Structure formats: structure tokens, C-alpha cells
Q: 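I'd like to ask some things about the structure below.
So you know, we letter chains A, B, ... as the sequences are listed, proteins then strands, and number each from 1. The analysis underlying the following values was restricted to heavy atoms, covering all of them including side chains, and did not include hydrogens, waters or symmetry mates. All values derive from a computational prediction rather than experimental measurement.
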There are 2 protein chains.
Amino acid sequence: MSGVVKNANPSFLNGVPELLILQLLAQQERYGYDLIKAIQARTQAQLSFGEGCIYPHLHHLEEAKLLASSRRRVEGRDRVYYRLTARGRKRLAALARDWDRVATGVSLVLGGQHA
Amino acid sequence: MSGVVKNANPSFLNGVPELLILQLLAQQERYGYDLIKAIQARTQAQLSFGEGCIYPHLHHLEEAKLLASSRRRVEGRDRVYYRLTARGRKRLAALARDWDRVATGVSLVLGGQHA
DNA sequence: TTGACATACCTCACGGTTTAAGGTATGAGT
DNA sequence: ACTCATACCTTAAACCGTGAGGTATGTCAA
């Protein structure tokens with residue numbers, strides 16, 4: 001096609017899906033489609049990620065033993081439920097620290113007028 | 001070579017260099033090498049970006065008319081000083097809004113236990 | 001019963017971005 | 001003479017969200 005432009009790599013979102021997935025699964029078991037809706041709901045629609053972002057993450061995180069899954073039929077729906085493993089909890093802690101580092105650094109510069 | 005692994009795209013840093021460059025140049029004129037040191041200093045070493053990240057950004061931002069440069073000899077050194085244009089100021093405002101969006105969204109999920 | 005829509009899963013090419021490493025040149029200090 | 005910091009530059013590689021594609025099933029109204 002001509003004129004097809006993809007707005008790839010939006011600012012500041014790198015790594016955020018993984019962080020949110022781990023954090024949300026740390027609180028309760030969820031399936032992919034639900035995670036996508038949960039991210040929109042919990043962030044008050046400030047953030048939203050597509051299926052092409054979330055599903056590959058879930059597969060990769062499970063392969064890395066950070067998540068474990070079980071395919072089940074619930075409410076008349078076939079779903080793949082994911083839950084956090086012990087390793088996943090460690091990664092979440094590390095990622096949360098990374099986020100704090102970056103957020104702190106940015107704040108120091110952005111809000112640094114009155115410092 | 002064998003065993004050469006690059007840790008590209010670290011979490012949460014996407015877009016941060018551009019935001020910091022624009023913010024720092026909004027306060028005062030700076031040259032590339034100084035920007036790199038200033039980012040380390042102003043973020044209390046929480047953040048640090050290499051020359052291979054900063055210099056291409058400066059070139060690209062100038063090409064997009066968000067920055068203007070002037071090559072000068074100061075303190076016995078040949079330097080390329082950059083300053084923000086009016087367009088650059090608008091981009092900075094937009095980027096800062098984006099940052100707030102993401103930071104707010106992440107906070108809502110991470111700090112959402114007591115909400 | 002047909003159609004539309006939401007649910008629920010999956011995959012892929014593309015584009016943008018930081019990293020790590022390479023390079024050149026000059027000034028300062030020993 | 002040597003080393004180090006300054007100051008600029010470029011490039012390949014790896015990564016990751018987007019946007020679009022696909023399949024299948026459940027629900028509900030017309």
C-alpha cells in the first residue's frame with residue numbers, strides 16, 4: 001500500500017505493558033483479553049495496549065517461567081488464565097525499581113525549576 | 001563476533017532522551033557533550049545516555065526545526081551549541097503531557113493498592 | 001435464523017529507538 | 001611523550017509497540 005504509516009514506538013511506553021501485566025497478575029489471575037480491558041480500566045484510559053502487544057508478552061513471559069497458564073472454560077468461554085510465579089514476582093520487583101529510577105530522574109529534570 | 005549481545009531498548013527509556021534534551025535546552029543553551037553530562041548531573045545519575053543516542057537526536061531535532069545550532073569556539077573548544085525554537089517549545093509541552101499521562105497511568109496501577 | 005457485535009485467541013511486517021562499539025581531533029596536565 | 005578528558009561523529013544490532021491481518025465462539029436483537 002502507499003501512505004501506510006505506522007506510529008511505532010510511542011514515547012515512554014517501552015516496558016510498560018510488561019510492568020502492568022506483572023503487577024495486575026500479582027493481584028489476581030487473569031486471561032489476556034481481560035488484561036487488556038483491565039489496563040484500560042485501572043489506568044482510567046490513560047493507557048491502552050493492543051492484543052498484538054499483550055499476547056506475545058504473555059507467551060514470552062510464560063516461556064521465561066515468570067508466568068504459568070491454565071486453559072479453562074469459564075462462563076461458557078475458552079480462556080487462558082495466567083498467574084504470577086515466584087520468578088515473576090522477582091521480575092516485577094526489579095521492573096518496579098527500574099520504573100522508579102526513570103520516573104525519579106525525569107521528575108528531577110522536569111520539576112527541577114524549584115529545586 | 002560471538003557472544004556479543006546488545007541490551008537495546010531498556011525499559012521505560014523510550015523517548016526520555018528527547019524529553020530531557022528539550023527540557024534542558026528550554027532552560028539554557030547547551031552543546032552535546034554538555035547535555036550528556038547535564039543529564040547525569042540533573043538526574044543524580046539515575047539516568048545516563050550515550051553519545052550514540054544524544055548526537056543523532058540533536059541532528060534530527062535540528063532538522064525538524066525544533067532546535068537551532070551555532071558552532072562556536074568557547075574556552076578553547078570547538079562546540080556546537082543548541083537552543084530551543086518556538087516549535088521545540090511546543091513539542092516539549094506535548095511530550096511533557098505524554099509523560100504525565102504514562103506516569104499517571106502507571107501510578108494508578110502500581111500504587112493502586114490503597115486507592 | 002440471520003446478522004451484528006463482543007469476546008477470546010493468535011501472528012506478522014514495520015518503524016523507531018537505545019545500546020555498544022567504533023572512529024577522529026584537540027586541549028590539559030604530568 | 002604520554003595519558004586523559006573534552007567534543008564531535010557514525011553504524012549494526014536488538015528490541016518492542018503498532019496496526020492490521022486472521023480464526024472461532026457466544027449473545028442478542030430483528
Side-chain angles (χ1 to χ4, degrees), chain A residues 1-21 30-41 47-64 69-82 95 98 102 105, chain B residues 1-21 30-41 47-64 69-82 95 98 101-102 105-106:
Chain A
M1 304 282 187
S2 71
V4 175
V5 179
K6 294 197 192 184
N7 188 20
N9 291 27
S11 289
F12 317 126
L13 293 188
N14 212 315
V16 171
E18 183 180 341
L19 175 63
L20 298 188
I21 287 171
R30 285 182 190 272
Y31 53 98
Y33 194 82
D34 180 44
L35 264 172
I36 291 166
K37 303 298 179 189
I39 288 174
Q40 296 169 1
L47 300 178
S48 179
F49 298 101
E51 305 186 354
C53 171
I54 299 302
Y55 284 118
H57 260 303
L58 292 173
H59 303 157
H60 177 259
L61 290 172
E62 182 177 20
E63 200 178 6
S69 74
S70 64
R71 177 167 233 115
R72 270 180 277 149
R73 186 167 191 83
V74 179
E75 296 171 27
R77 293 288 184 177
D78 273 338
R79 296 168 175 165
V80 183
Y81 282 85
Y82 292 91
L95 261 188
D98 286 349
V102 175
Chain B
M1 302 290 183
S2 72
V4 174
V5 180
K6 295 198 190 184
N7 188 23
N9 290 32
S11 290
F12 316 126
L13 293 188
N14 212 314
V16 171
E18 184 180 341
L19 175 63
L20 298 189
I21 287 171
R30 286 183 190 273
Y31 53 98
Y33 193 83
D34 180 44
L35 264 172
I36 291 167
K37 303 300 179 187
I39 288 175
Q40 296 169 0
L47 301 178
S48 180
F49 298 100
E51 306 186 355
C53 170
I54 300 301
Y55 283 118
H57 258 304
L58 292 174
H59 302 157
H60 176 260
L61 290 172
E62 182 177 19
E63 201 177 6
S69 73
S70 64
R71 179 168 231 112
R72 271 180 275 148
R73 186 167 192 83
V74 179
E75 295 170 30
R77 294 286 183 177
D78 273 336
R79 296 166 176 165
V80 183
Y81 283 86
Y82 291 90
L95 262 186
D98 287 348
R101 252 178 90 84
V102 176
V106 171

Q: Taking atom P of D/dT18 as reference, at what distance in whole Å does atom CD1 of A/I39 sit?
A: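 To the nearest whole Å, that distance equals 10 Å.
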Q: Would you indicate whether the side-chain heavy atoms of B/L13 and A/N14 approach each other to under 4.5 Å?
A: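 The answer is no; the side chains never approach within 4.5 Å.
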Q: Would a 4.5 Å heavy-atom cut-off, applied to side chains only, mark B/Q40 and B/K37 as touching?
A: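 Answer yes - side chains close enough.
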Q: Once you apply a heavy-atom cut-off of 4.0 Å, does A/G52 come out as touching a base, just sugar-phosphate, or nothing?
A: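 A/G52: base contact, heavy atoms under 4.0 Å.
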Q: With a non-hydrogen cut-off below 4.0 angstrom, is A/E75 in contact with a base, only sugar-phosphate, or nothing?
A: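 The residue A/E75 makes no contact with any strand.
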Q: Looking at every strand, decide which applies to B/E18 at a 4.0 Å heavy-atom threshold: base, sugar-phosphate, or nothing.
A: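 Answer is nothing: B/E18 stays at 4.0 Å or more from every strand.
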Q: Does a side-chain N or O from A/R73 land closer than 4.0 Å to OP1 or OP2 of D/dG26, or not?
A: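 Yes, A/R73 has a side-chain N/O under 4.0 Å of OP1/OP2 on D/dG26.
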Q: Flag the pair A/Y31 / A/V74 as yes when at least one side-chain heavy-atom distance between them is below 4.5 Å, and no otherwise.
A: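 In short, these two side chains do not touch, never coming nearer than 4.5 Å.
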Q: Rounded to the Å, how far apart are B/E51 CD and D/dA12 P?
A: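 The answer, rounded to whole Å, is 18 Å.
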Q: Using heavy atoms to find the nearest nucleotide of DNA chain D for A/P17 and A/G76 separately, return the residue whose nucleotide is more 5′.
A: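 Whichever sits nearer the 5' end wins; that is A/P17.
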Q: Mind checking if A/R79 touches a base, just sugar-phosphate, or nothing, with heavy atoms under 4.0 Å?
A: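 Sugar-phosphate contact only.
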Q: By a strict heavy-atom criterion of less than 4.0 Å, which residues belonging to residues 54-62 of chain B are in contact with DNA chain C?
A: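 Nucleic-acid contacts, sorted: B/H57.
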Q: Nearest whole angstrom, please: distance from the C1' of D/dT25 to the OH of A/Y33.
A: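 That distance rounds to 12 Å.
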Q: Can you identify which nucleotide, out of D/dA5, D/dC9, D/dT18, has its nearest atom closest to the B/Y82 side chain?
A: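 So the nucleotide nearest the side chain must be D/dC9.
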Q: Nearest 0.5 Å, what's the CZ-CZ distance between A/R79 and A/R71?
A: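 Atom-to-atom, A/R79:CZ and A/R71:CZ are 12.5 Å apart.
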Q: Would you check if A/L58 and A/V80 make a side-chain contact, meaning some heavy-atom pair closer than 4.5 Å?
A: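 When only atoms from C-beta onward are counted, A/V80 and A/L58 do not touch, as no gap falls below 4.5 Å.
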Q: Whole-Å distance between D/dA5 P and B/D34 CG?
A: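 For the pair B/D34 CG and D/dA5 P, the rounded distance is 17 Å.
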Q: Assuming nearest nucleotide by heavy-atom distance, tell me which of A/P10 and B/A8 is located more 5' along DNA chain D.
A: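 The 5'-side residue here is B/A8.
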Q: Does the side chain of B/F49 reach to within under 4.5 Å of the side chain of B/L35, using non-hydrogen atoms?
A: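 A side-chain contact is absent here, since even the closest heavy-atom pair is not under 4.5 Å.
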Q: So, for A/L95 and B/S11, which heavy atoms are closest and what is the spacing to 0.1 Å?
A: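 Looking at all heavy atoms of both residues, the closest pair is CD2-OG, 3.7 Å.
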Q: Does B/L19 reach the side chain of A/F12, with side-chain heavy atoms less than 4.5 Å apart?
A: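 Counting from C-beta outward, B/L19 and A/F12 do come under 4.5 Å.
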Q: What residues form a ring pair (Phe, Tyr, Trp, His ring centres under 6.0 Å) with B/Y82, not counting sequence neighbours?
A: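 Not a single residue meets the ring pair (Phe, Tyr, Trp, His ring centres under 6.0 Å) criterion with B/Y82.
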Q: CD1 of B/I36 versus P of D/dT6: gap in Å, rounded?
A: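 Rounded to the whole Å, the gap is 11 Å.
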Q: With heavy-atom distances below 4.5 Å as the criterion, would you say the side chains of B/D34 and B/Y81 are in contact?
A: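 The answer is no; the side chains never approach within 4.5 Å.
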Q: When the distance from CG of A/L19 to C1' of D/dG17 is rounded to whole Å, what number comes out?
A: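 Atom CG in A/L19 sits about 15 Å away from atom C1' in D/dG17.
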Q: What integer distance in Å separates A/N14:CG from D/dC15:C1'?
A: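 Computing the A/N14:CG to D/dC15:C1' distance gives 7 Å.
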Q: Does anyone know the first and last nucleotide of DNA chain C in reach of chain A, 5' to 3', at under 4.0 angstrom to a heavy atom?
A: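 So the contact region on DNA chain C extends C/dT7 to C/dT17.
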Q: Can you measure B/F49 atom CZ to D/dC8 atom P for me and round it to whole angstrom units?
A: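 From B/F49 CZ to D/dC8 P: 18 Å.
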